[in-house]
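What follows is a set of notes on a single structure, which appears directly below.
In what follows, residues are counted from 1 in the order of the sequence shown.
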Amino acid sequence: MLYDELLKAPPYAYDHEGKGPLLKAALADAFEHHFQSCSAYRKLCEKRSVHPPLGAFDYPDLPYLPVQIFKQMRLSSVEETSIVRTLRSSATTSQTPSTVVLDDVTRSRQVNTLIWLLKDFLGTQRRPFLIVDVDPKQAQPDQHTISARAAAIRGFLLAASSASYCMRSSDNGNLLLDIERLAQQLSQIQAENKRAVIMGYTYVLYVHAARQLLERGVRFSLGNATILHIGGWKRLQSEAVSKKE
């Protein structure tokens with residue numbers, strides 16, 4: 001199986017030329033699966049006169065989907081009984097979330113791929129995670145948004161030996177960094193000569209952690225830590241910085 005073959009090598013083992021044929025083979029395989037298993041997708045492909053097998057093709061030849069379609073339709077290429085989870089986006093820009101369904105095979109592949117990547121970055125030893133967010137068990141005003149972030153972070157905790165949260169939510173829903181707790185956790189990890197992972201959403205780390213620390217003149221030694229951030233920059237587009245910054 002192509003998926004199993006891909007995970008036999010380290011994540012960055014292939015150069016650009018080596019990845020090309022593998023990517024095309026994976027795309028052709030995925031296209032055929034969805035064409036055969038999703039009637040709505042098949043109709044779209046037939047209207048564009050695209051049918052399997054693809055044979056030799058260039059990337060522009062693929063029947064791309066407009067992203068808006070996931071806000072308007074519930075597309076699935078598996079039986080309804082095989083669906084184990086339905087994911088919805090945060091709907092930051094519009095108020096309509098995108099919907100994507102997961103079956104057990106896809107979920108298992110996601111977990112295995114994440115472990116494969118994390119091992120390459122963090123090694124095989126589990127590390128203590130300091131999560132720059134609110135503990136979802138203690139979330140109050142913005143429960144849905146916090147729960148959505150927590151769900152995204154949860155998968156990464158496969159690499160964690162322990163996990164602690166260092167933010168709290170104020171009565172009006174603002175995120176407040178618990179600097180004392182962060183300092184205490186970092187000090188304990190350093191005393192135990194361990195390597196930590198500081199993790200959070202990009203905009204949460206930037207606005208509610210880094211900026212607060214800068215304004216208060218608080219600095220930490222992070223020589224024993226890896227900062228891992230996920231999520232987009234949409235909420236901070238007006239403050240976008242260069243790659244160098």
Decide whether V78 and V105 are clustered together by the hydrophobic rule: side chain heavy atoms of Ile, Leu, Val, Met, Phe, Trp, Tyr closer than 4.5 Å, transitively. no
Step through the shown structure and confirm whether more than 12 heavy atoms of other residues, nucleotides or ligands are within 6.0 Å of CZ on F121. no
Hydrophobic cluster identity match, V67 and L44, side-chain contacts under 4.5 Å: no
Assess whether atom CG of D15 is packed by more than 12 heavy atoms of other residues, nucleotides or ligands within 6.0 Å. yes
Looking at side-chain heavy atoms only, is the closest gap between I131 and L157 below 4.5 Å? yes
For a quick test of reading the model, state the closest non-hydrogen atom pair linking L205 to G200 and the distance between them. CD1-O, 3.7 Å
Do you know which two heavy atoms are closest between R195 and G223, and how far apart they sit? NH1-O, 3.5 Å
Is it true that a side-chain atom of R127 and a backbone atom of L122 form a donor plus acceptor pair closer than 3.5 Å? yes
Grab the two heavy atoms, one from M73 and one from A40, that are nearest each other, plus how far apart they are. CE-CB, 3.8 Å
Is the backbone of Y165 close enough, under 3.5 Å, to the side chain of R181 for a donor and an acceptor to pair up by distance? yes
Please report the closest heavy-atom contact between F57 and A28, naming both atoms and the distance. CE2-CB, 4.2 Å
To the nearest 0.5 Å, how far apart are CG in L222 and CD1 in I198? 4.5 Å
Side-chain heavy atoms of H208 within contact of L177, under 4.5 Å: no
Exercise: identify the closest heavy-atom pair between S77 and C38: OG-CB, 3.4 Å
Would a hydrophobic clustering, with Ile, Leu, Val, Met, Phe, Trp and Tyr connected at side-chain separations under 4.5 Å, put V84 with V111? no
In this structure, would I83 and L102 fall into the same cluster of hydrophobic residues linked by side-chain contacts under 4.5 Å? no
Taking the side chain as every heavy atom from C-beta outward, state whether L27 and Y59 have any pair of such atoms under 4.5 Å apart. yes
For atom OH of Y64, decide whether the heavy atoms of other residues, nucleotides or ligands shown that lie under 6.0 angstrom number more than 12. yes
Would you say the side-chain atoms of Q190 pair up with the backbone N or O of S221, donor to acceptor, closer than 3.5 Å? yes
N112 CG to Q110 CD distance, which is reported to the nearest 0.5 Å: 10.5 Å
S169 (side chain) donor-acceptor with L175 (main chain) under 3.5 angstrom: no
Between D103 and T106, is a side chain to side chain contact (heavy atoms under 4.5 Å, CB included) present by the stated rule, with each step listed? CA-CA 5 Å; D103 67 319; T106 303; 2.5 Å; yes
Could K8 and E5 be called an ion pair, given the rule that one side-chain N must be under 4.0 Å from one carboxylate O? yes
Within 6.0 Å of CZ in R42, more than 12 heavy atoms from elsewhere: yes
Shortest non-hydrogen contact from L2 to L22? CD2-O, 4.1 Å
With side chains defined as the heavy atoms from C-beta onward, is the minimum distance between L6 and T113 less than 4.5 Å? no
Measure the acute angle between the ring planes of F35 and F31, then classify it against the limits of 30° and 60° as parallel, tilted or perpendicular. tilted
Nearest 0.5 angstrom please: L182 CG to C166 SG, how far? 4.5 Å
Does NE2 in H229 sit with more than 12 non-hydrogen atoms of other residues, nucleotides or ligands closer than 6.0 Å? no
Does R109 pair with D4 as a salt bridge, N-O distance under 4.0 Å? no
Quick one: are Y201 and I230 in side-chain contact, heavy atoms under 4.5 Å? yes
May I have the step-by-step check of side chain to side chain contact (heavy atoms under 4.5 Å, CB included) for M167 and V132, ending in yes or no? CA-CA 6 Å; M167 275 192 162; V132 185; 3.7 Å; yes
Find the distance between CZ (F220) and CD1 (I179) and round it off to the nearest 0.5 Å. 6.5 Å
May I ask whether Y12 and L228 are part of the same hydrophobic cluster, defined by side-chain heavy atoms of I, L, V, M, F, W, Y residues being less than 4.5 angstrom apart, directly or through others? yes
Does R85, at its CZ atom, have more than 12 non-hydrogen atoms belonging to other residues, nucleotides or ligands within less than 6.0 Å? no
One should read off an interatomic distance between Y14 OH and K19 NZ, to the nearest 0.5 angstrom, of 11.0 Å
Within 6.0 angstrom of E192 CD, more than 12 heavy atoms from elsewhere: yes
Check whether any side-chain N or O of N224 sits under 3.5 Å from a backbone N or O of K194 as a donor-acceptor pair, and report yes or no. yes
Do L75 and Y41 come close enough that some side-chain heavy atom pair is under 4.5 Å? no
Under a 3.5 Å distance rule, please check whether S187 uses its side chain to pair with a backbone N or O of A183 as donor and acceptor. no
Is the backbone of D61 close enough, under 3.5 Å, to the side chain of D58 for a donor and an acceptor to pair up by distance? no
What distance do S164 atom OG and D135 atom CG have between them, rounded to the nearest 0.5 Å? 9.5 Å
